[in-house]
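Below, chains carry the letters A, B, ... as their sequence lines are ordered, and counting in each starts from 1.
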2 protein chains.
Amino acid sequence: MTATAQLTRSVEDYLKSIFHLTNQGGFATTSDIAAMLEIAPPSVSGMVKRLSETGLIEHVPYRGVQLTPQGRRAALQMIRRHRILEVYLTQQLGYDWGDVHEEAERLEHAVSEKLIEKMAGALGDPRYDPHGAPIPTAAGDIEEAELFTLADAKIGASIIVRQGGDDDAARLRYLAALGLTPGTHLTVLERQPFNGPTTVRSGSETRVVGQELAEQLWCAEVGGGGNR
Amino acid sequence: MTATAQLTRSVEDYLKSIFHLTNQGGFATTSDIAAMLEIAPPSVSGMVKRLSETGLIEHVPYRGVQLTPQGRRAALQMIRRHRILEVYLTQQLGYDWGDVHEEAERLEHAVSEKLIEKMAGALGDPRYDPHGAPIPTAAGDIEEAELFTLADAKIGASIIVRQGGDDDAARLRYLAALGLTPGTHLTVLERQPFNGPTTVRSGSETRVVGQELAEQLWCAEVGGGGNR
DNA sequence: TCTGTTTATTAGCTTAGCCTAATACCCTGT
DNA sequence: ACAGGGTATTAGGCTAAGCTAATAAACAGA
């Protein structure tokens, strides 16, 4: 039992950001964290000092930070809260797919562990959130899917939309209108040269997706890691 | 449309406390507010200054404070949030009657208006919380029940348990075990002299309630203000 | 009425997190 | 090998909201 002293809202946000920025391995830089949290870089330097003192992150000056096992556990707990909340709000309270992120972003800092587990139970312990992202277990394990964006998908590949990015409601609604919701199976037909649009087939429909959008649409190989 | 700028958690707590302390009319004193929020009196003096500058309260030095109409509106909004959350957690997520207060206390600062209204809708717009307290409407109206404690109830009176106090989980559970839950109809049979226990009849059962407990058990005259 | 106690306020500090401006470090291109 | 540009950090401030200690006002009892 890790007696994690109560973390502040702001600390929880830092840990989440660092988790997302280091998910592909490597360090999270000061300026990347600052950009993600929309604050000035020196504020990050200050917090980084405090967080390394409490053992939640490892700091290599002028290089960046990584989560310690303890920090990673705390980050995954927040991500679990966030994603369970998103599923709950969507399924039980009729929230719109594009709107849940903002609400969950505030609630995740206020809910108790107990409430999250009650919500998860009421939902049948979901494994993916409404955007297709995997939900860490209460024990802190998360599915390591090999995610890539549609812009990087190989021609001819059979893929499933997972849709990691959940932060722009307008874009999410647009994607939903195109039928590119998480869980959708696609076949990559072709891609025009020089970062051109990608053409995909979804069932009997064919869609052309611009490069900008394709770079935001996270997908997984079919068969790789459960399909919702 | 009152463009109430985003209030901090702490301001919201002050307004709620002042509302409760002035509910029977009169002023809320610095030390009463301090006691209710479990902070030192000088901290209250400081916040009182800020709140009167923003027009949420009226301050009479050395006498106390009262809510302005604007402050009252904000307080009622918080109380609505709190009570809707309590009903929701109890009815939809199987929370225990005695445990909801603490969870709601944290969530009320994080939920959006929209979420509260969705919850209220899912519950069929409840009028009372699980402790029997009336829920303000979205428009900011609250039922003005004539509440008194069981210790003050007249002998022979026919009353209904309303149970204002929702802050001590152990006491609430004990009351529930005695069958003294909100909505229960009682007849006051007798009261021993010198602050002795009160005897009540609930249906076919007879109960003797000690003075200490009776002073915490808020009741309303039957017929006065709806009965749940 | 005066005096002592209680209660409220002011003064002055602390901590968390943010900010801007100034400085230090790293790295790449010549 | 080093100069310049781009990051990172340090220095120094600000605000919100808490604290303790000191002072001021109100009130109650003799």
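Regarding A/Leu15, its CG atom lies at a distance of 11 Å from the P atom of C/dG17, rounded to whole Å. At whole-Å resolution of the value, CZ in B/Arg50 and P in C/dT10 are 13 Å apart. As a whole-Å value, the separation of A/Met47 CE from C/dG17 C1' is 7 Å. Atom CG of B/Leu51 and atom P of C/dT9 are 13 Å apart (whole Å). Distance CZ (B/Arg9) to P (C/dA16): 18 Å, rounded to an integer number of Å. Taking atom CD1 on A/Ile33 and atom P on C/dG17, their separation rounds to 15 Å, with Å as the unit. Between the CD atom of B/Glu12 and the P atom of D/dA16 there is a distance of 16 Å, rounded to whole Å. The distance between atom CG of A/Asp13 and atom C1' of C/dC18, rounded to the nearest whole Å, is 14 Å.
Exactly one residue among B/Lys16, B/Arg81, B/Arg83 makes a salt bridge (charged side-chain N to carboxylate O under 4.0 Å, His left out) with B/Glu108. That residue is B/Lys16.
Checked by atom type, the side-chain pair A/Glu212/A/Gln216 shows no donor-acceptor distance below 3.5 Å. Remark: the B/Glu113 side chain and the B/Gln77 side chain contain an N/O donor-acceptor pair separated by less than 3.5 Å. Side-chain contact check for A/Tyr95 and A/Glu86: no donor-acceptor pair (N or O, by modelled atom type) lies under 3.5 Å.
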Atom pairs and distances, side-chain donor-acceptor, residues 29-47 of chain A, under 3.5 Å, sequence neighbours left out:
{"unit_1": "A/Thr29", "atom_1": "OG1", "unit_2": "A/Asp32", "atom_2": "N", "d": "3.1"}
{"unit_1": "A/Thr29", "atom_1": "OG1", "unit_2": "A/Asp32", "atom_2": "OD2", "d": "3.3"}
{"unit_1": "A/Ser43", "atom_1": "OG", "unit_2": "A/Ala40", "atom_2": "O", "d": "3.4"}

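For A/Glu117, the CD atom is densely surrounded, since the number of other residues' heavy atoms within 6.0 Å is greater than 12. Atom NZ of A/Lys154 has 12 or fewer neighbouring heavy atoms from other residues, nucleotides or ligands inside a 6.0 Å radius.
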Test B/Ile79 against B/His20 for side chain to side chain contact (heavy atoms under 4.5 Å, CB included), laying out the working first. CA-CA 10 Å; B/Ile79 290 165; B/His20 289 305; 4.0 Å; yes
Reading nucleotides 8-14 of chain D from 5' to 3' and marking B where a protein heavy atom lies under 4.0 Å of the base, S where only the sugar-phosphate is that close, and - otherwise, the string is SBB----
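Note on B/Ser43: every side-chain N or O is 4.0 Å or more away from OP1 and OP2 of D/dA17. Contact check, A/Ser10 against C/dC18: a side-chain N or O comes under 4.0 Å of OP1 or OP2. Here B/Tyr14 reaches the OP1 or OP2 of D/dG18: one of its side-chain N or O atoms lies under 4.0 Å away.
Between the axis at the start and the axis at the end of the helix from C/dT1-D/dA30 to C/dT30-D/dA1 there is an angle of 10°, using five pairs per end and rounding to 10 degrees.
A/Leu56 has its side chain out of reach of A/Ile18: every pair of non-hydrogen atoms, C-beta onward, lies at least 4.5 Å apart.
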